[in-house]
Amino acid sequence: MTSFRSWKLLRRKTFCDGVKSGLKMKRLPFMGVLCTAMLFVLYRTTVYQYQHTEMDENFDPFETFKESSLASGLLGGLPRGIIQASSDLELKPLWSTSSSRSKVEPSTRGYLLAIPVGIKQKDGVDHIVQKFLPENFTVMLFHYDGNVDGWWDLDWSDEAIHIVAKNQTKWWFAKRFLHPAVVSAYDYIFLWDEDLGVEHFNPGRYLKIVRFEGLEISQPALDPNSTNIHHRITVRARTNKFHRRVYDSRGRTKCSDISEGPPCTGFVEGMAPVFSRSAWYCAWHLIQNDLVHGWGMDMKLGYCAQGDRTKKVGVIDSEYILHKGIQTLGGRKPPERKASNTEEMTRRHRTASGDPRMEIRRQSVWELQIFRDRWQQAVKEDKNWVDPFLRSLKHRKLKRHG
């Protein structure tokens, strides 16, 4: 009886152990799935935090600059809370009422329009500005002819920012007065020429398309009747809302689906570019302080597109402009004093062609070559820099032939 009872107990124990073992075996796949799910959640959270941090830095690079300046000791003499790393171009009253002093309201202007202007183009500039004012724009005028008084009769002139420097170019003004820390309050910067017709352009609709399509650098398309059209990618396509590339088999440059760079894709021209805050932060550093005509920059702006220039750079067709091609800089002016013989000989030599515009063109071509040389030298010297577009081009070719 004892042996029989022992055998029953042993059988029961073996059965229970088997059940427990089976339950454990069943739990293993479940635990594996649970662990996998937890690891996936952890991975996604880490990626999200990284992307969020990266977006914050792109959105406000000046906070990053402030942190680096604090770390390096440049701002060590100031308490952190008093530091303001950016500014804006909003006009402030000399005094305020007692009721308004307690209200510290941030700037409500989200966009900036900056234009080099001369008094001869006053009517055209007025037409441009009237289009932008209802859309919450700050207006900044660069007076290259020195004439500011002739603008005060316009209703909006008192609220605009006026900068005066005779015979200076748009890029000269931009490098000196549109520092990223000053314009960081603006989501988009329109750096336009003065000779543009805006009959078919609406800034509000334009920005909606730019935002929706994620364009960091853009321009309105050019009316086909515009003067001085240099690249087909800038010409309006009537059936499109916008485009990022052009197809053209004519001329020296062939543009097709396999084209990876300017002027076939990732390109805007210098007459009417529009920059996001982050793109302008990069583009401002690309502007050469001494090369004032800006030739060659348009071919390199795609490097400031905060990503793939074939996706982040575009031309808006539904909101288009007319380029009038009016030559303004380089006009002669009467001498303010009697020149010496040496000065007179120098002046005659400089204008021997009889056309100051020809001299400006020669200067522009010379600056273009200097800019290209500097780019090549910079690439050669920076051993850590890798051309992101050459790398992506090689990757696409491998996928195409793989």
**Q** Is it true that Trp152 and His162 have ring centroids separated by less than 6.0 Å?
**A**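 That pair passes the under 6.0 Å test.
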**Q** For residues Glu260 and Thr310, is any side-chain donor paired with an opposing acceptor at under 3.5 Å?
**A** no
**Q** State which residues pass salt bridge (Lys or Arg N to Asp or Glu O under 4.0 Å) with Lys170; sequence neighbours excluded, sorted by chain then number.
**A**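 Asp193.
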**Q** May I ask you to decide if Val313's main-chain N or O and Arg244's side chain share a donor-acceptor pair within less than 3.5 Å?
**A**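 Not at all, since once roles are kept as given, no pair shorter than 3.5 Å links the two residues.
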**Q** Enumerate the salt bridge (Lys or Arg N to Asp or Glu O under 4.0 Å) contacts for residues 115-129, please, sequence neighbours excluded, ordered by first and then second residue.
**A**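 Every pair satisfying salt bridge (Lys or Arg N to Asp or Glu O under 4.0 Å) with a residue in residues 115-129: Lys122-Asp153.
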**Q** Specify the closest pair of heavy atoms between Met297 and Ala283, including all atoms of both residues, with the distance to one decimal.
**A**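 What the structure gives for the nearest pair is CE-O, 4.4 Å.
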**Q** Kindly check if the number of other-residue, nucleotide or ligand heavy atoms within 6.0 Å of NZ (Lys241) is above 12?
**A**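 No - once you tally the heavy atoms of other residues, nucleotides and ligands closer than 6.0 Å, there are 12 at most.
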**Q** Arg372: which residues meet the salt bridge (Lys or Arg N to Asp or Glu O under 4.0 Å) condition with it, sequence neighbours left out?
**A**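 Partners of Arg372 by the salt bridge (Lys or Arg N to Asp or Glu O under 4.0 Å) criterion come out as none, since no residue qualifies.
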**Q** Assess the side chains of Asn228 and His323: does a donor N or O sit below 3.5 Å from an acceptor N or O?
**A**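 Looking only at side-chain atoms, His323 and Asn228 do not form any donor-acceptor pair under 3.5 Å.
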**Q** Any disulfide bond (SG atoms under 2.5 Å apart) pairs touching residues 111-170, not counting sequence neighbours?
**A** none
**Q** Would you name the heavy atoms of Ala272 and Ile321 that are closest together and state the gap between them?
**A**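 In terms of heavy atoms, the two residues are closest at CB-CD1, 3.8 Å.
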**Q** What verdict does the side-chain contact (heavy atoms from CB on, under 4.5 Å) test give for Met271 and Thr234, after you've listed the backbone C-alpha separation in whole Å, the side-chain angles of each residue and the deciding distance to 0.1 Å?
**A** CA-CA 11 Å; Met271 67 188 70; Thr234 63; over 6 Å; no
**Q** Any donor-acceptor pair under 3.5 Å linking the side chain of Asp317 with the backbone of Ala237?
**A**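 Yes; judged by distance alone, with no hydrogens or angles, the pair exists.
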**Q** So do the side chains of Phe177 and Ile161 get within less than 4.5 Å of each other, counting heavy atoms only?
**A**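 Contact flag for Phe177/Ile161 side chains = no.
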**Q** Could you tell me if the side chain of Trp284 sits less than 4.5 Å from the side chain of Phe275, heavy atoms only?
**A** no
**Q** Taking disulfide bond (SG atoms under 2.5 Å apart) as the cut-off, I'd like each qualifying pair that reaches into residues 247-276, sequence neighbours left out, listed once.
**A** Cys255-Cys264
**Q** Roughly how far apart are Tyr281 OH and Ser184 OG, rounded to 0.5 Å?
**A** 10.5 Å
**Q** Determine, stepwise, if the pair Ile128 / Glu194 fulfils side-chain contact (heavy atoms from CB on, under 4.5 Å).
**A** CA-CA 8 Å; Ile128 293 173; Glu194 62 182 331; 5.7 Å; no
**Q** State, yes or no, whether a side-chain contact exists between His293 and Trp171 at a heavy-atom distance under 4.5 Å.
**A** no
**Q** Tell me if a side-chain donor or acceptor on Lys312 pairs with a main-chain N or O of Ala305 at a distance below 3.5 Å.
**A**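 Not at all, since once roles are kept as given, no pair shorter than 3.5 Å links the two residues.
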**Q** Please check: side-chain N/O of Gln84 versus main-chain N/O of Ile82, any donor-acceptor pairing under 3.5 Å?
**A**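 Such a contact is absent between Gln84 side chain and Ile82 backbone.
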**Q** Checking salt bridge (charged side-chain N to carboxylate O under 4.0 Å, His left out) against Glu359, which of Arg361, Arg357, Arg362 comes through?
**A** Arg362
**Q** Can you name the closest pair of heavy atoms from Leu91 and Ala160 and give their distance?
**A**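 Leu91 and Ala160 have their closest heavy atoms at CD1-O, 4.2 Å.
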**Q** Just wondering, do Phe371 and Leu286 contact through their side chains at under 4.5 Å, heavy atoms?
**A**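 When only atoms from C-beta onward are counted, Phe371 and Leu286 do touch, with a gap below 4.5 Å.
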**Q** Enter the distance from Thr169:OG1 to Gln363:CD here, rounded to the nearest 0.5 Å.
**A** 10.5 Å
**Q** Who are the salt bridge (Lys or Arg N to Asp or Glu O under 4.0 Å) partners of Glu367, not counting sequence neighbours?
**A** none
**Q** At what distance, to the nearest 0.5 angstrom, does CD1 of Ile189 lie from CE of Met140?
**A** 11.0 Å
**Q** Show your working on side-chain contact (heavy atoms from CB on, under 4.5 Å) between Glu269 and Gln219 and close with a plain yes or no.
**A** CA-CA 8 Å; Glu269 207 165 357; Gln219 76 160 82; 3.7 Å; yes
**Q** Output all residues satisfying ring-ring contact (aromatic ring centres under 6.0 Å, His included) with Trp172, sequence neighbours left out; order by chain, then residue number.
**A** none
**Q** Can you tell me how far the SG atom of Cys304 sits from the CD atom of Gln306, to the nearest 0.5 Å?
**A**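 Interatomic distance, Cys304 SG to Gln306 CD, rounded to 0.5 Å: 7.0 Å.
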**Q** What distance separates Lys166 NZ from Asp145 CG, expressed to the nearest 0.5 Å?
**A** 8.5 Å
**Q** When you measure from the side chain of Trp375 to the backbone of Lys300, do you find a donor-acceptor pair of N or O atoms at a distance under 3.5 Å?
**A** no
**Q** Between Ser226 and Leu222, what is the shortest heavy-atom contact and its length?
**A** OG-CB, 3.9 Å
**Q** Using the ring-ring contact (aromatic ring centres under 6.0 Å, His included) rule, collect all pairs that involve residues 217-238, keeping only residues at least two apart or in two chains.
**A** His231-Phe267
**Q** Using a 3.5 Å cut-off and no angle test, enumerate the donor-acceptor pairs between side-chain atoms of residues 207-215 and protein atoms at least two apart in sequence or in another chain.
**A**
{"from": "Arg211", "atom 1": "NH2", "to": "Tyr111", "atom 2": "OH", "distance (Å)": "2.8"}

**Q** Applying ring-ring contact (aromatic ring centres under 6.0 Å, His included), can you list everything that pairs with Phe201, at least two apart in sequence or on another chain?
**A**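 Phe201: ring-ring contact (aromatic ring centres under 6.0 Å, His included) contacts with Phe132, Trp192, Tyr206.
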**Q** Please determine whether side-chain contact (heavy atoms from CB on, under 4.5 Å) holds for the pair Glu90 and Thr138, giving the CA-CA distance in whole Å, both sets of side-chain angles, and the decisive distance to 0.1 Å.
**A** CA-CA 7 Å; Glu90 301 308 300; Thr138 295; 2.5 Å; yes
**Q** Side chains of Ile119 and His143, heavy atoms from C-beta outward: is any pair under 4.5 Å?
**A**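 Answer no - side chains too far apart.
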**Q** For the residue pair Val379 and Asp387, establish whether any side-chain heavy-atom pair is separated by less than 4.5 Å.
**A**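 No, side chains not in contact.
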**Q** Do Glu319 and Phe242 come within less than 4.5 Å of each other through their side chains, counting heavy atoms only?
**A** no
**Q** Does Asp290 have any salt bridge (Lys or Arg N to Asp or Glu O under 4.0 Å) partners at least two apart in sequence or in another chain, and if so, which?
**A** Arg374
**Q** Main chain of Gly325, side chain of Asp195: is a donor-acceptor contact present, judged purely on distance under 3.5 Å?
**A** yes
**Q** Is the gap between the ring centers of Tyr186 and Phe137 under 6.0 Å?
**A** no
**Q** Not counting sequence neighbours, list each pair that qualifies as a salt bridge (Lys or Arg N to Asp or Glu O under 4.0 Å) and has a residue in residues 221-237.
**A** Arg232-Asp248
**Q** Side chains of His127 and Glu199, heavy atoms from C-beta outward: is any pair under 4.5 Å?
**A** yes
**Q** With rounding to the nearest 0.5 Å, note down the distance linking CZ in Arg245 to CZ in Arg309.
**A**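 Result: 10.5 Å between the selected atoms.
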**Q** So which heavy atom on Pro273 is nearest to which on Val268, and how close?
**A** CB-CG2, 4.4 Å
**Q** Ignoring hydrogens, what is the shortest heavy-atom contact between Ser278 and Glu216? Give both atom names and the distance.
**A** CB-OE1, 4.4 Å
